[in-house]
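Sequence lines set the chain letters: A, B, ... in the order given, protein chains first and strands last, and positions in each chain run from 1. These figures come from a predicted structure and were not determined experimentally.
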There are 2 protein chains.
Amino acid sequence: MAETPQQAQARMDQETAGAKQAIATVERNYERYSNEGKADSIATLYTEQGRAMQPNGPALSGREAIRANEAQNMALFDSKLKITSENVVANGPIAIESGTYSFQATPKKDAPAGTSPLNENGKFLTHWQQVNGQWLIAELAWNSNQPLPEPAPLKTGTRKR
Amino acid sequence: MAETPQQAQARMDQETAGAKQAIATVERNYERYSNEGKADSIATLYTEQGRAMQPNGPALSGREAIRANEAQNMALFDSKLKITSENVVANGPIAIESGTYSFQATPKKDAPAGTSPLNENGKFLTHWQQVNGQWLIAELAWNSNQPLPEPAPLKTGTRKR
């Protein structure tokens with residue numbers, strides 16, 4: 001009754017091909033929602049308990065935390081997000097994907113003085129979950145390729161670059 | 001011949017329990033190799049093509065790149081790594097795990113002047129692959145919970161905090 005290793009591999013290859021296509025569609029939506037300032041819509045791309053494991057801050061857990069964080073950033077910046085998928089592997093209801101991103105954020109005219117623009121390239125690893133036939137983000141961790149800025153010289157840092 | 005959804009879930013639960021235990025063992029080794037300065041041994045915990053998706057630098061691809069990077073850090077620092085596993089899900093030869101870590105690094109006596117200590121807490125997402133019955137790290141992305149340091153005031157930054 002169990003699959004042979006060959007049958008399992010063939011099934012996973014087929015599921016991976018399907019997941020890759022579905023994930024590409026979700027990522028085009030993620031980019032569009034991000035670029036158009038639609039925080040609510042971004043949150044729906046995650047599972048109910050989805051986690052955005054952002055760098056340099058605590059993980060955001062659940063759709064509401066993710067939405068609120070996006071809305072806060074969108075109030076300050078116009079942004080341009082580009083996601084490039086590289087590796088996908090799926091098996092049944094789970095998939096893992098890695099890739100790269102670029103993100104530019106330009107302060108809006110009414111942003112507080114001193115709000116700095118952002119121009120970042122980085123990489124990500126995503127845990128996808130198929131829920132009622134739909135691939136959603138269960139966990140997403142990302143980080144920048146850029147070196148840390150030099151800390152201000154007069155402060156005592158606990159951080160090594 | 002295919003599993004029912006209930007059979008698939010029961011099998012995944014069993015595989016997840018097994019993977020969880022095996023991964024815990026690998027992580028105790030990761031901590032020990034890290035704390036004892038064994039760069040070669042750390043590299044063997046990754047697949048041949050394994051990727052360490054480190055923050056604030058390019059991803060390290062393959063065991064040799066991972067070993068060399070570890071060796072370079074270990075020459076400068078004595079360190080203490082603690083890994084706490086939180087969520088694991090496995091299905092056949094793949095598993096996804098998330099958790100948190102703490103990492104303290106103290107410059108060695110002969111480290112160049114200005115080498116700063118590091119005291120970091122963060123989170124990670126790991127893509128595990130079972131190769132010949134052994135769970136290995138295929139991809140590992142992590143990032144710090146700490147805010148970015150304030151950039152030095154006289155430089156023009158492209159980074160928003």
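Clustering ILVMFWY residues whenever any of their side-chain heavy atoms sit less than 4.5 angstrom apart, transitively, puts Phe124(B) in the very cluster that holds Tyr33(B). The same ILVMFWY cluster, assembled from side-chain heavy atoms under 4.5 Å apart, contains both Trp128(A) and Tyr46(A). No continuous path of hydrophobic side-chain contacts links Met53(A) to Val26(A) [ILVMFWY only; heavy atoms under 4.5 Å]. Under the 4.5 Å side-chain heavy-atom criterion for grouping Ile, Leu, Val, Met, Phe, Trp and Tyr, Ile83(A) is connected to Leu60(A) within one hydrophobic cluster.
Within the structure, the salt bridge (Lys or Arg N to Asp or Glu O under 4.0 Å) test picks out the following pairs touching residues 8-21 of chain A (sequence neighbours left out): Glu3(A)-Arg11(A), Arg11(A)-Glu15(A).
With rounding to the nearest 0.5 angstrom, the CG atom of Leu125(A) is 8.0 Å from the NE2 atom of His127(B).
Annotation: residues 88-99 of chain B contacts chain A through Val89(B), Ala90(B), Asn91(B), Gly92(B), Pro93(B), Ile94(B), Ala95(B), Ile96(B), Ser98(B) [non-hydrogen atoms, separation under 4.5 Å]. Residues from residues 129-143 of chain A that place a non-hydrogen atom less than 4.5 Å from a non-hydrogen atom of chain B comprise Glu139(A), Leu140(A), Ala141(A), Trp142(A), Asn143(A), given in numerical order.
Annotation: Glu86(B), atom CD; neighbour count of heavy atoms from other residues, nucleotides and ligands within 6.0 Å is above 12. By the 6.0 Å contact criterion, CD on Glu36(A) is enclosed, its count of non-hydrogen atoms from other residues, nucleotides or ligands being greater than 12. Annotation for Glu64(B): atom CD counts as buried by contact number, over 12 foreign heavy atoms lying within 6.0 Å.
Neither the backbone nor the side chain of Ala8(B) comes within less than 4.5 Å of any heavy atom in chain A. At a 4.5 Å heavy-atom cutoff, the contact between Asn87(B) and chain A is made by side-chain atoms alone.
Leu148(A) places a side-chain heavy atom less than 4.5 Å from the side chain of Leu148(B). Considering only heavy atoms from C-beta on, Ser144(B) comes within 4.5 Å of Asn56(A) through its side chain.
With hydrogens and angles ignored, the 3.5 Å screen pairs no side-chain donor or acceptor of Lys123(A) with any backbone N or O of Pro55(B).
Among residues two or more places apart in sequence or in another chain, the salt bridge (Lys or Arg N to Asp or Glu O under 4.0 Å) test is passed with Lys108(A) by Asp78(A).
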